[in-house]
Asker: 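Here's a structure for you.
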Amino acid sequence: MAQIMDFQPTEHQHVRFNPLRGDWVLVSPHRMKRPWAGQVEKPAEEEIPIHDPKNPLCPRVTRPNGEDNPDYTGTFVFTNDFPALLEDVPSPPESDDPLFRAAPAKGTCRVMCFHPHTNLTIPLMSVEEIRTVIDRWLTELIDLGKKYLWVQIFENKGAIMGCSNPHPHCQIWASSFMPNEPKLKEVNQLKYYREHGRPMLMDYVHRELEKKERIVVTNDHWVALIPYWAVWPYEMMVLPRRHIVRMTQMTDQEKDALADIMKRLTTKYDNLFSCSFPYSMGWHGAPTGPQIEDEASHWVFHGCYYPPLLRSATIKKFMVGYEMLAQAQRDLTAEQAAQKLRELSEVHYKERK
Ligand code: H2U
């Protein structure tokens with residue numbers, strides 16, 4: 001007779017629901033034991049100069065389009081010279097064909113340098129310097145949010161994530177339409193709010209603070225955790241302790257504390273495999289533009305970090321095969337990933353004595 005085992009989440013496969021996206025992830029922790037003979041990424045070149053006169057994001061450099069970058073000392077923002085979204089373009093013809101739908105898409109794209117030094121990254125910047133980045137995000141969000149329905153601030157870090165330039169920077173794409181990811185979050189947060197009378201992510205962060213299984217770092221205002229439904233091995237979410245609907249609602253203390261949590265969590269990331277940890281990260285909050293005055297209590301402002309690395313500085317998780325054809329799958333559980341990150345030092349490996 002077959003022996004019936006008790007379910008152990010670190011041993012036995014299961015599916016977990018992501019209430020923000022309304023989809024499921026397959027968790028297969030037993031696969032962590034399998035041998036690996038797949039692709040090994042070459043470690044990124046670590047020797048980055050403080051200033052590169054050929055780098056178009058550096059201060060005092062003339063970009064290929066002929067524009068001169070100022071001798072900036074803090075953050076620097078310019079309109080992307082190769083933008084995916086433009087303002088003055090013709091709209092597609094209207095059509096009610098259900099199989100060939102198109103709609104107008106207007107917008108603008110900006111590039112934002114975090115610091116004049118090319119060899120810095122967020123974990124290597126001071127909390128005060130990160131705070132200036134947050135302040136500039138707010139200036140840009142307020143400016144672009146007057147007009148555009150969605151302002152997506154995102155950082156692509158590392159060549160493995162398609163980042164073309166080592167200079168510390170992010171991008172800001174503002175659009176007349178709501179992109180798919182925030183649209184899913186809009187629909188699912190609103191549904192939860194109508195059913196429960198409370199914002200989903202405030203309920204979620206309070207439950208996580210009670211459970212303490214997936215928390216990585218906290219301070220007085222923010223909680224960084226591996227979400228229960230994480231897809232990427234070391235995916236993290238940054239959630240506020242107070243109900244903040246949009247980034248612009250942060251107090252000065254919350255902005256300082258956000259800089260603190262960003263530095264601490266990215267330091268842990270770098271310490272995990274002793275490398276400049278690649279990721280795509282960005283912020284989600286209530287829509288802006290034509291919806292800026294709308295009731296948005298279902299929204300909770302939060303950050304998302306999506307790093308690709310799995311086993312080392314050179315072995316990444318591929319979202320291929322089953323993920324493309326069926327659904328997202330992970331091996332390491334969210335709890336195991338959180339524990340690994342929690343146990344790491346908050347002193348950056350490059351700054352250890
Ligand atoms: P990524 O490394 O995340 O791709 O960001 C760099 C951005 O900078 C990219 O979108 C822009 C690219 O279009 N860029 C300029 O706008 N001007 C330049 O001279 C170089 C790069």
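Numbering of residues begins at 1 and proceeds along the displayed sequence. Every number for a ligand or one of its atoms is a count from 1 in the order of the listing.
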Asker: Side chain, backbone, both or neither: which applies to C163 and ligand 1 if a contact is any heavy-atom pair less than 4.0 Å apart?
Answerer: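 Both backbone and side chain.
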Asker: Run the numbers for me: atoms of ligand 1, each under 4.0 Å from some heavy atom of R63, listed by number.
Answerer: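 Once the distances to R63 are compared, the set is 19 (O).
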Asker: Got F114 and M125 here, is their nearest side-chain heavy-atom distance under 4.5 Å?
Answerer: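 Contact flag for F114/M125 side chains = yes.
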Asker: Report the nearest protein non-hydrogen atom to atom 20 (C) of ligand 1: residue, atom name, distance rounded to 0.1 Å.
Answerer: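 Protein heavy atom at minimum distance: P56 CG, 3.5 Å.
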Asker: Distance under 4.0 Å to a non-hydrogen atom of N165: what atoms of ligand 1 satisfy this?
Answerer: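 By the 4.0 Å cutoff, the relevant atoms are 2 (O).
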Asker: Using a 4.0 Å cutoff against the non-hydrogen atoms of P64, which atoms of ligand 1 qualify?
Answerer: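 Here the atoms of ligand 1 in question are 19 (O).
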Asker: Give me the nearest non-hydrogen protein atom to atom 8 (O) of ligand 1 as residue plus atom name, then the distance to 0.1 Å.
Answerer: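 Its nearest protein heavy-atom neighbour is V111 CG2, 3.6 Å.
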Asker: Which residue and non-hydrogen atom of the protein lie closest to atom 21 (C) of ligand 1, and at what distance in Å?
Answerer: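 The closest one turns out to be F82 CE1, 4.4 Å.
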Asker: Could you list who else is in W173's hydrophobic cluster, with ILVMFWY side chains joined at under 4.5 Å, directly or through other members?
Answerer: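 So far as hydrophobic clustering goes, W173 is joined with L85, F154, F177.
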Asker: Would M319 and K317 satisfy side-chain contact (heavy atoms from CB on, under 4.5 Å), going step by step from the backbone distance to the final call?
Answerer: CA-CA 7 Å; M319 286 287 187; K317 156 124 189 108; 4.0 Å; yes
Asker: Give me the residue, atom name and distance of the protein heavy atom closest to atom 6 (C) of ligand 1.
Answerer: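 Looking at atom 6 (C) of ligand 1, the protein heavy atom closest to it is H169 NE2, 3.4 Å.
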Asker: Parallel, tilted or perpendicular: which describes the rings of H302 and H284, with under 30° parallel and over 60° perpendicular?
Answerer: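 It falls in the perpendicular class, over 60°.
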Asker: Using side-chain contact (heavy atoms from CB on, under 4.5 Å), reason through V127 and K263 one step at a time and then give a plain yes or no.
Answerer: CA-CA 7 Å; V127 172; K263 182 171 171 75; 3.8 Å; yes
Asker: Using a strict 4.0 Å cut-off to heavy atoms of F78, name the atoms of ligand 1 that fall inside it.
Answerer: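 Contacts of ligand 1 toward F78, numbered from 1: 15 (C), 16 (O), 17 (N).
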Asker: Distance-only, no hydrogens or angles: does the H243 side chain make a donor-acceptor pair with backbone N or O of H298 under 3.5 Å?
Answerer: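 Such a contact is absent between H243 side chain and H298 backbone.
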Asker: So which heavy atom in the protein is nearest atom 3 (O) of ligand 1, and how far is it from that ligand atom?
Answerer: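 Of the protein heavy atoms, Q171 NE2, 3.0 Å lies nearest.
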Asker: In Å, rounded to the nearest 0.5 Å, how long is the span from CZ of R264 to OG1 of T218?
Answerer: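 Answer for the CZ-OG1 pair, R264 versus T218, is 6.5 Å.
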Asker: I need the atoms of ligand 1 closer than 4.0 Å to a non-hydrogen atom of N156, numbered in the order shown.
Answerer: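 Answer, ordered by atom number: 3 (O).
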Asker: So do the side chains of P123 and Y269 get within less than 4.5 Å of each other, counting heavy atoms only?
Answerer: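 In short, these two side chains do not touch, never coming nearer than 4.5 Å.
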Asker: Return the option from V61, D81, N80, N65 holding the heavy atom at the smallest distance from atom 18 (C) of ligand 1.
Answerer: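 Looking at heavy atoms only, the winner is D81.
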Asker: Would you call H12 and H30 a side-chain contact if the rule is heavy atoms closer than 4.5 Å?
Answerer: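 With C-beta onward as the side chain, the pair stays apart.
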Asker: At what distance is the nearest protein heavy atom to atom 4 (O) of ligand 1, and which residue and atom is it?
Answerer: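 The closest heavy atom on the protein side is S164 OG, 3.2 Å.
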Asker: With no hydrogens and no angle check, is any side-chain donor or acceptor of E186 less than 3.5 Å from a backbone partner on P182?
Answerer: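 Not at all, since once roles are kept as given, no pair shorter than 3.5 Å links the two residues.
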Asker: Would T79 count as being in polar contact with ligand 1, using the rule that some N or O on each side must be under 3.5 angstrom apart?
Answerer: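 No - when backbone and side-chain N and O of T79 are compared with those of ligand 1, no distance drops under 3.5 Å.
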Asker: At a 4.0 Å cut-off, with the gap strictly under it, does some heavy atom of E155 reach an atom of ligand 1?
Answerer: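 Contact absent.
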